[in-house]
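All remarks here apply to the structure that follows.
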Amino acid sequence: MCPMPSAESTPASVREPDSVRPTREDAVAAAGSELIGGPLGRRALLGTSWWTPVRVIALVAIGMFALGLVQKAPCYNGAWFFGASSQYTHACYSDIPHLYQGRGFVDDLVPYFDKLPGDMEYLEYPVLTGVFMEVASWLTTGSGSIQHQEQWYWMVNAGMLMVCAVVIAVCVTRTHARRPWDGLLVALAPAFALTATINWDLLAVALTSAAVLMWSRMRPVAFGVLLGLATAAKLYPFLILGPLLVLCWRAGRWREFGKALGGAAVAWLVVNLPVMLFAFDGWSKFYTFSQERGVDFGSFWLILVHNTDNPPSTETVNTLATLLMLLCCGAIAALTLIAPRRPRFAQLAFLIIAAFILTNKVYSPQYVLWLVPLAVLARPKWRDFLIWQACEVAYFLGIWMYLAYTTSGDAHKGLPTDGYHWAIGVHLLGALFLCVMVVRDILMPDRDPVRQTGDDDPSGGVLDGARDVFVLGPAARTGQHSAHFEGPLVRWGAGRQTGGSLSANE
């Protein structure tokens with residue numbers, strides 16, 4: 001007969017199986033819930049009807065996505081086609097209808113294989129995104145005026161991207177099993193709805209979100225395959241492998257990391273190798289364009305260029321941006337190894353992508369989509385999330401008003417250059433604010449919203465509850481907490497698999 005486990009050997013997640021309710025844990029969520037009748041009661045029965053958290057959040061995501069489509073209505077009805085600046089004054093610009101003709105889809109040109117007639121010789125997107133664009137063109141009617149076809153193309157893409165948006169919301173909802181309602185942050189994010197149909201970024205974000213879900217379910221090969229596909233759609237997802245490497249180093253989980261890396265490499269090659277072999281010039285256009293592209297919208301580099309008489313060359317900016325990114329990578333690696341508790345996977349994934357965005361020479365408004373699901377998993381705190389979203393919405397409006405100013409001629413409708421610089425500053429400060437809060441949670445884990453409710457690393461998969469095997473600095477001395485917290489203290493990393501795990505009291 002197996003002995004009954006003691007309180008000291010029972011994981012907190014086993015003792016407290018109930019879902020975390022944000023309306024009881026988060027003051028801002030509680031206040032916002034007054035709009036629909038107030039916080040959930042103590043005896044509310046959850047999961048006993050059709051209205052499960054996943055279904056509710058999926059429906060909310062569809063509703064918010066639909067509102068984003070409505071916001072694009074002034075452009076759909078004419079601003080994309082008549083008047084250069086009206087699509088900016090209405091803040092409803094999208095690349096999708098313009099590139100239907102501009103990248104040869106209207107003429108049935110094959111991406112990467114057929115040269116384009118304009119300045120851009122080949123499609124400048126990664127292969128899987130090019131496939132997505134091509135499939136949407138197959139579903140677009142080829143009859144009628146070019147305006148009618150571009151409208152159809154945008155609507156077809158919007159339908160496909162809506163599926164991606166729902167996948168993202170559902171994956172975030174399922175990643176932290178005890179915190180399903182955190183997915184509402186994704187579904188309700190205003191910047192998410194506003195930028196969802198500007199470009200095709202949601203495909204890579206959906207694949208990355210699914211990959212993180214697979215890692216949380218201890219399926220490293222599936223994680224790697226999905227992350228490889230995500231990298232074949234957009235370059236940024238591969239960066240997540242960096243912090244995962246350091247986390248697995250600290251926990252001694254080399255085999256699982258090797259499986260993930262192998263799966264990612266194979267999936268990326270399966271998508272890219274055929275195009276690489278038979279249309280190398282077209283395949284490489286994305287990478288050469290990224291290198292040759294000058295300083296562009298949204299970056300602090302643009303402020304520097306606009307305010308200096310001798311702006312740095314593109315090559316210099318590429319070098320400096322790479323060095324800054326490498327410094328950030330080193331800082332994140334050091335933070336991982338010296339933190340008093342091993343950081344959560346989602347925290348480091350958010351920090352590495354945020355570092356890439358902050359140091360890059362361009363920040364398109366839809367890049368916020370890369371961060372939204374990771375931000376929710378890294379710091380599911382409604383106040384901080386909404387502060388950051390407000391900054392991103394301000395930037396969203398700022399860039400379009402600036403473009404309206406530069407394209408309206410002598411009328412000067414919109415935001416002048418100095419005003420746009422302030423909008424960039426607001427975006428940078430908002431992202432830095434959220435990064436600081438995540439770093440604080442890493443250094444003071446008792447303030448981490450996820451760990452306050454008794455979890456260790458619910459998105460960490462094999463890292464959740466695992467022992468540390470390599471730690472640097474004061475973190476090597478066990479039994480310490482980095483900050484005073486009024487409530488039960490939780491010990492992390494005592495080893496789920498060995499049975500000696502998470503004690504509620506030290």
Side-chain angles (χ1 to χ4, degrees), residues 19 21-23 26 28-40 44 46-47 49-77 90-94 96 136 151 154-176 179-210 213 365-366 368-377 380-383 385-390 392-393 396-397:
S19 296
R21 307 177 189 181
T23 54
D26 192 295
V28 174
S33 70
E34 295 296 336
L35 296 174
I36 55 173
L40 285 171
L46 301 176
S49 69
W50 187 88
W51 296 100
T52 62
V54 170
R55 289 171 177 167
V56 170
I57 290 167
L59 290 174
V60 172
I62 292 172
M64 285 295 291
F65 192 93
L67 290 177
L69 300 185
V70 171
Q71 189 268 334
K72 300 295 186 290
C75 279
Y76 182 85
N77 293 324
H90 289 95
C92 55
Y93 174 84
S94 173
I96 294 172
Q151 288 172 325
W154 182 79
M155 285 300 297
V156 169
N157 276 281
M160 295 167 67
L161 292 171
M162 183 176 67
V163 174
C164 294
V166 173
V167 168
I168 294 164
V170 170
C171 287
V172 172
T173 301
R174 290 183 175 275
T175 297
H176 288 179
R179 305 185 61 93
W181 293 106
D182 289 342
L184 273 177
L185 285 167
V186 175
L188 293 172
F192 194 100
L194 290 170
T195 63
T197 56
I198 291 178
N199 204 278
W200 292 270
D201 294 64
L202 280 183
L203 173 62
V205 179
L207 290 167
T208 304
S209 300
L213 174 61
Q366 73 272 11
V368 67
L369 298 170
W370 305 357
L371 286 177
V372 168
L374 297 176
V376 171
L377 295 174
K381 199 74 173 175
W382 283 71
R383 183 204 64 177
F385 185 84
L386 292 177
I387 289 173
W388 170 58
Q389 283 290 290
E392 292 296 337
V393 171
F396 173 85
L397 297 174

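What you see below is based on every heavy atom in this structure, not just the backbone, and it leaves out hydrogens, waters and symmetry mates.
Evaluated for a side chain to side chain contact (heavy atoms under 4.5 Å, CB included) with Val376, the options Thr175, Leu185, Ile168 yield exactly one hit, Leu185.
Taking the disulfide (SG to SG under 2.5 Å) definition, one finds that Cys171 meets it with nothing, sequence neighbours left out. Not counting sequence neighbours, the partners of Ala61 by the side-chain contact (heavy atoms from CB on, under 4.5 Å) test are Ala169, Ala187. With sequence neighbours left out, the side-chain contact (heavy atoms from CB on, under 4.5 Å) criterion links Ala58 to Val166, Val170. Partners of Thr173 by side-chain contact (heavy atoms from CB on, under 4.5 Å), not counting sequence neighbours, listed by chain and number: Val54, Ile57, Pro180. Applying the side-chain contact (heavy atoms from CB on, under 4.5 Å) test to Val56 and every residue at least two apart in sequence or in another chain returns Trp51, Val60, Trp181. Shown here are the disulfide (SG to SG under 2.5 Å) partners of Cys164, two or more places apart in sequence or in another chain: there are none. For Phe65, the ring pair (Phe, Tyr, Trp, His ring centres under 6.0 Å) criterion is met by no residue, not counting sequence neighbours. Applying the ring pair (Phe, Tyr, Trp, His ring centres under 6.0 Å) test to Trp154 and every residue at least two apart in sequence or in another chain returns Tyr76, Trp80.
Between Val368 and Phe396 the shortest side-chain heavy-atom distance does not fall below 4.5 Å.
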Determine all donor-acceptor pairs shorter than 3.5 Å in which one atom belongs to a side chain in residues 202-210; sequence neighbours excluded.
unit_1	atom_1	unit_2	atom_2	d
Thr208	OG1	Ala204	O	2.8
Ser209	OG	Val205	O	2.9

Exercise answer: donor-acceptor pairs, residues 191-198 side-chain atoms, under 3.5 Å, sequence neighbours excluded:
unit_1	atom_1	unit_2	atom_2	d
Thr195	OG1	Ala191	O	2.7

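In this structure, the separation between CG on Leu69 and CG on Leu161 is 9.5 Å, given to the nearest 0.5 Å. Rounding to the nearest 0.5 Å places CD1 of Ile387 at 11.5 Å from NZ of Lys381. Atom CG in Asp182 sits 4.0 Å away from atom CZ in Arg179 (nearest 0.5 Å). Note: His90 NE2 to Gln71 CD = 10.0 Å, rounded to the nearest 0.5 Å. Atom CE of Met162 and atom CE of Met155 lie 9.0 Å apart (nearest 0.5 Å). Taken to the nearest 0.5 Å, the CG atom of Leu386 stands 9.0 Å off from the CG atom of Leu188.
Screening residues 195-206 for salt bridge (Lys or Arg N to Asp or Glu O under 4.0 Å), with sequence neighbours left out, gives Asp201-Lys234. Screening residues 184-193 for side chain to side chain donor-acceptor pair (under 3.5 Å), with sequence neighbours left out, gives no hits.
Ring centers of Phe385 and Trp382: at least 6.0 Å apart, outside the cut-off.
Considering every non-hydrogen atom in both Met64 and Ala189, the closest pair reads CE-O, 4.3 Å.
Listed for the Gln151 side chain is no donor-acceptor partner under 3.5 Å among the backbone atoms of Asn77.
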